[in-house]
Amino acid sequence: MYTQDNVISKNKLLSSFQLSKMHTFEVAARHCSFSLAAEELSMTPSAISHRINALENELGILLFKRSHRKIELTNEGEIGRAVQQECRD
């Protein structure tokens, strides 16, 4: 999980791929669907899932609860979504 200390110690800016993963999360969270996010982003649902998995691994937290043909935000995912919305507004 990222903390202020290890972000500062790494001393690197967010790459475009990291920003892309965060945008993918925002779209998937808004739709609560990898399929609808894929449609909006002109990607496949599998590509959306891979980006979300990469982001979750990078952060060390689960953002979505996955079940058969359904996703839901975890508590951490809800917080992430709220932070992104606040930053956007």
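Formation of a donor-acceptor pair under 3.5 Å by the Thr74 side chain with backbone atoms of Leu62 is found in this model. With Ser49 contributing its side chain and Pro45 its backbone, the two residues share no donor-acceptor pair below 3.5 Å.
Taken to the nearest 0.5 Å, the CD1 atom of Ile61 stands 10.5 Å off from the CG atom of Asn75. The distance from atom CD of Glu56 to atom CD of Glu76, rounded to the nearest 0.5 Å, is 10.0 Å.
Side-chain atoms of Gln18 and Glu58, non-hydrogen and from C-beta on, do get closer than 4.5 Å to each other. The side-chain heavy atoms of Leu41 and His23, taken from C-beta on, include a pair separated by under 4.5 Å. The shortest distance between side-chain heavy atoms of Met43 and Arg51 falls below 4.5 Å.
Residues satisfying the salt bridge (Lys or Arg N to Asp or Glu O under 4.0 Å) test with Arg30, not counting sequence neighbours, are Glu26, Glu40. Here Arg81 pairs with nothing under the side-chain hydrogen bond (donor to acceptor under 3.5 Å, both in side chains) rule; sequence neighbours left out.
In this structure, Gln84 places its CD atom where more than 12 heavy-atom neighbours from other residues, nucleotides or ligands lie under 6.0 Å away.
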Going through the distances and angles, do Phe34 and Arg66 end up as a side chain to side chain contact (heavy atoms under 4.5 Å, CB included)?
-> CA-CA 10 Å; Phe34 289 169; Arg66 294 160 176 85; 4.0 Å; yes
Decide side chain to side chain contact (heavy atoms under 4.5 Å, CB included) for Glu72 and Cys32; before the verdict, give the C-alpha distance in whole Å, the side-chain angles of both, and the deciding distance to 0.1 Å.
-> CA-CA 6 Å; Glu72 294 178 64; Cys32 271; 6.0 Å; no
Residues Leu63, Phe25; criterion side chain to side chain contact (heavy atoms under 4.5 Å, CB included); working and verdict | CA-CA 8 Å; Leu63 298 168; Phe25 163 72; 3.8 Å; yes
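When all heavy atoms are compared, the tightest approach of Ser33 to Ile71 is N-CD1, 3.5 Å. The two residues Leu73 and Lys65 have their closest heavy-atom pair at O-CE, 4.1 Å.
Residue Val83 is found in a hydrophobic cluster whose other members, listed by chain and number, are Ile79; membership requires side-chain heavy atoms under 4.5 Å apart, directly or through intermediates.
Tracing side-chain contacts under 4.5 Å through hydrophobic residues (I, L, V, M, F, W, Y), one never reaches Leu36 starting from Ile48; they form parts of separate clusters.
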